[in-house]
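Notes follow once the structure below has been shown.
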There are 2 protein chains.
Amino acid sequence: MGIAERKIRQKEEFRASILEAAWLQVLTDGWQSLSIRKIADAIEYSIPVIYNHFENKEAILLEFTKEGFQKLADALLEVKNNYTEPSAQLEAMAHAYWDFAFEHKEYYQLMFGLGIPACEMVNQIAEMKHMTGIMITTIQEAIASSKDTETNYFLKYHTYLSILHGLVSIEMIQKVGKPDPEKKLILQDAISGFIKSLTIN
Amino acid sequence: MGIAERKIRQKEEFRASILEAAWLQVLTDGWQSLSIRKIADAIEYSIPVIYNHFENKEAILLEFTKEGFQKLADALLEVKNNYTEPSAQLEAMAHAYWDFAFEHKEYYQLMFGLGIPACEMVNQIAEMKHMTGIMITTIQEAIASSKDTETNYFLKYHTYLSILHGLVSIEMIQKVGKPDPEKKLILQDAISGFIKSLTIN
DNA sequence: TAATTTTAGTTAACAGTGTTAACAAAAGTA
DNA sequence: TACTTTTGTTAACACTGTTAACTAAAATTA
């Protein structure tokens, strides 16, 4: 019975082509411009077929949100493995986070801008939990090898992520499309302060 | 010639009533739900009259963005004046910033979320420059009374604002409508680290 | 006061958006 | 071949921001 398998495969390909067309649209004109109709146009099908593969537009966005968090998690893990000292890992991960945000601006804006509007949804995105898990683990390792091993790791993780997201989003708001390398000084400044307070205290 | 004056007054009142109706709509159903039609309905006029007072919907949003930055600036100035030490001022302002964000969630989300999409616009909002000016001045005062008076104040201002915005927006994303007072620990943690690095170095 | 101009406000439409019900055509099964 | 299921289409609904064309009222001028 290869027919059923072929159908599943075709369905998967169809789904992928929808996402591909959507992503192309996003890359050329941004999230705000993405519409079901444009996707339907691009794949040369009528509008309702898209609803056979995705419950609604939000489901399509959710797919990209997951993809984004997965990519970010991968990027963090990769640089983390280049270091053994937790503090060095945190610093490298901070730079990787920054680089990801500006190299994949579209992903980042969806992940932390348009997406995640509802409250319960946050914990439903496994990919996000995965990413934050990497951060939390590293924070815990840093605390474990510090003088005060009783430091609240969750508080520190929250601080770490907040600093990173704050730096990125303020930079994204102020200047669009400027890959100002000098701005990494700000990242370096903020993150080294954080790491100091984590390792010294 | 009181007629012309009365007309100007009426026009101003009309404009105010549009903003009032819009704000009511935002308070009840959020920014996403705001529409020109609903405003027109609320003030019991037809749709095009709104375009006699505002160029487009964005202009209405811009009005609230300005209002928001003005309110934030006021809040910062008020708490700043309760202290003389720049470091104490920065700490108090951080708390005021946090409080403003969650007491005026609608304003904050517009100011840093929907609004300011274009690049040039940032410097066109005088109210925003005013607010950041207050922050920058205080940072400069803190640096002036520190050991290293050569510290880059603009870098430190950027870091300060980024930490605040990061904390607020991460908190806003994760939990909607939870006034968790424990979360102020994170603010305290991050901001005291920043102030330390500002005054000690 | 009467005629004219200016202003204020309306209706109706255009060009979009997400979403879905009703139907036709193709594909698979008996 | 006849029947059932899947697949895809057309057409519509209920919205959105925005604007052109028109009418009624107000203010100005002769």
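Sequence lines set the chain letters: A, B, ... in the order given, protein chains first and strands last, and positions in each chain run from 1.
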Atom CZ of Arg37(A) to atom P of dT17(C): distance rounded to whole Å? 6 Å

Ile36(B) CD1 - dG16(C) C1' separation (whole Å): 15 Å

Looking only at dA20(D), dT9(D), dT18(D), the nucleotide nearest the Val49(A) side chain is dT9(D)

With no hydrogens and no angle check, do the side chains of Lys196(B) and Ser197(A) hold a donor and an acceptor under 3.5 Å apart? no

With under 30° as parallel and over 60° as perpendicular, where do the rings of Tyr160(B) and Phe194(B) fit, or are they tilted in between? tilted

Round to the nearest Å and state the distance from Gln32(B) atom CD to dT16(D) atom C1'. 13 Å

Given the options Asp41(B), Ile50(B), Asn56(B), Ile36(B) meets side-chain contact (heavy atoms from CB on, under 4.5 Å) only with Ile50(B)

Quickly work out the Lys57(A) NZ to dT20(C) C1' distance and round it to whole Å. 17 Å

So, is Ser35(A) close to the dT17(C) phosphate, meaning a side-chain N or O under 4.0 Å from OP1 or OP2? yes

Set of residues satisfying side chain to side chain donor-acceptor pair (under 3.5 Å) with respect to Tyr107(A), sequence neighbours excluded: Glu67(A)

In whole angstroms, the gap separating P of dT17(C) from CG of Leu34(A) amounts to 10 Å

Atom NZ of Lys38(A) and atom P of dG16(C): how far apart are they, to the nearest Å? 9 Å

Lys11(B) or Pro48(B): which one's nearest nucleotide on DNA chain C is closer to the 5' end? Lys11(B)

Considering only dG9(C), dG8(D), dT19(C), which nucleotide approaches the side chain of Tyr45(B) most closely? dG9(C)

Across the strands shown, which category fits Phe14(B) at heavy-atom distances under 4.0 angstrom: base, sugar-phosphate, nothing? sugar-phosphate

Distance in angstrom units between Tyr51(A) OH and dT7(D) P, rounded: 19 Å

How close or far is atom P of dT7(D) from atom NE2 of His53(A), stated in whole angstroms? 8 Å

